[in-house]
Amino acid sequence: MSSLLGWKAYRERGQWVAVRYAELGGYNTTGPVRMRHILAIPADATAAQAEQEIARLIMRGKLKS
(Lines give C-alpha, C1' and ligand atoms only; values in the text may rest on other atoms or scores of the structure.)
Protein backbone atom coordinates (compact mmCIF):
# COMPACT_ATOMS: atom_id res chain seq x y z
CA MET A 1 0.00 0.00 0.00
CA SER A 2 1.39 3.39 -0.94
CA SER A 3 1.83 6.41 1.28
CA LEU A 4 0.59 9.90 0.47
CA LEU A 5 2.64 12.48 2.42
CA GLY A 6 3.05 9.92 5.17
CA TRP A 7 -0.64 8.98 5.35
CA LYS A 8 -1.62 5.35 4.79
CA ALA A 9 -5.05 3.72 4.60
CA TYR A 10 -5.84 0.85 6.97
CA ARG A 11 -8.95 -1.11 7.77
CA GLU A 12 -9.78 -1.02 11.46
CA ARG A 13 -12.91 -2.55 12.93
CA GLY A 14 -14.72 -2.61 9.59
CA GLN A 15 -13.97 0.97 8.57
CA TRP A 16 -11.20 2.71 6.65
CA VAL A 17 -8.82 4.92 8.61
CA ALA A 18 -6.00 7.21 7.49
CA VAL A 19 -2.96 6.83 9.77
CA ARG A 20 0.25 8.83 9.95
CA TYR A 21 3.07 8.40 12.45
CA ALA A 22 4.62 11.52 14.01
CA GLU A 23 8.09 12.71 13.10
CA LEU A 24 11.19 11.55 14.96
CA GLY A 25 10.95 12.24 18.65
CA GLY A 26 7.18 11.87 18.63
CA TYR A 27 7.05 9.15 21.27
CA ASN A 28 5.12 8.95 24.49
CA THR A 29 5.44 6.38 27.29
CA THR A 30 3.45 3.73 25.41
CA GLY A 31 5.07 3.99 21.97
CA PRO A 32 5.13 6.13 18.82
CA VAL A 33 2.53 8.86 18.40
CA ARG A 34 0.18 8.37 15.49
CA MET A 35 -2.53 10.54 13.99
CA ARG A 36 -5.77 8.90 12.90
CA HIS A 37 -8.61 10.16 10.72
CA ILE A 38 -11.68 8.03 9.99
CA LEU A 39 -12.47 8.11 6.28
CA ALA A 40 -16.08 8.74 5.25
CA ILE A 41 -16.23 5.97 2.66
CA PRO A 42 -18.21 2.71 2.64
CA ALA A 43 -16.76 -0.21 4.58
CA ASP A 44 -16.62 -2.34 1.41
CA ALA A 45 -14.48 0.22 -0.47
CA THR A 46 -11.19 -0.88 -1.97
CA ALA A 47 -7.73 0.24 -0.85
CA ALA A 48 -7.45 2.34 -4.02
CA GLN A 49 -10.66 4.18 -3.13
CA ALA A 50 -9.35 4.79 0.39
CA GLU A 51 -6.14 6.25 -1.04
CA GLN A 52 -8.18 8.49 -3.36
CA GLU A 53 -10.11 9.75 -0.34
CA ILE A 54 -6.84 10.50 1.49
CA ALA A 55 -5.58 12.44 -1.56
CA ARG A 56 -8.85 14.40 -1.69
CA LEU A 57 -8.61 15.28 2.01
CA ILE A 58 -4.98 16.38 1.62
CA MET A 59 -5.90 18.62 -1.33
CA ARG A 60 -8.69 20.24 0.70
CA GLY A 61 -6.43 20.78 3.69
CA LYS A 62 -8.29 18.40 6.01
CA LEU A 63 -5.21 16.19 6.56
CA LYS A 64 -2.04 18.02 7.45
CA SER A 65 1.25 16.96 5.93
Fill in: Candidate pair L39 and I54, rule side-chain contact (heavy atoms from CB on, under 4.5 Å), full reasoning
CA-CA 8 Å; L39 300 176; I54 291 172; 4.0 Å; yes
Worksheet entry | Stepwise side-chain contact (heavy atoms from CB on, under 4.5 Å) test for Q49 and W16 | CA-CA 10 Å; Q49 291 170 323; W16 283 99; over 6 Å; no
Discussion item. With heavy-atom distances below 4.5 Å as the criterion, would you say the side chains of L57 and H37 are in contact?
Written reply: yes
Worksheet item: Checking R20 side chain against L63 main chain: does a donor-acceptor pair fall under 3.5 Å?
Response: no
Response to the item:
Separation between OH (Y21) and CE (M35), nearest 0.5 Å, reads 11.0 Å
Worksheet item: If you take all heavy atoms of A43 and G14, which pair is closest and at what distance?
Response: CB-O, 3.1 Å
Practice prompt. Start with the C-alpha gap between I38 and Q15, add the side-chain angles, then the distance that decides, and say whether side-chain contact (heavy atoms from CB on, under 4.5 Å) holds.
Written response: CA-CA 8 Å; I38 297 172; Q15 60 189 0; 3.8 Å; yes
Worksheet item: Which is it for V19 and W7 under the side-chain contact (heavy atoms from CB on, under 4.5 Å) test, yes or no, and what are the steps along the way?
Response: CA-CA 5 Å; V19 177; W7 291 95; 5.6 Å; no
Worksheet entry | Qualifying residues under side-chain contact (heavy atoms from CB on, under 4.5 Å), relative to R60, sequence neighbours excluded | R56, K62
Worksheet entry | Sidechain N-carboxylate O distance under 4.0 Å for R36, E12 | yes
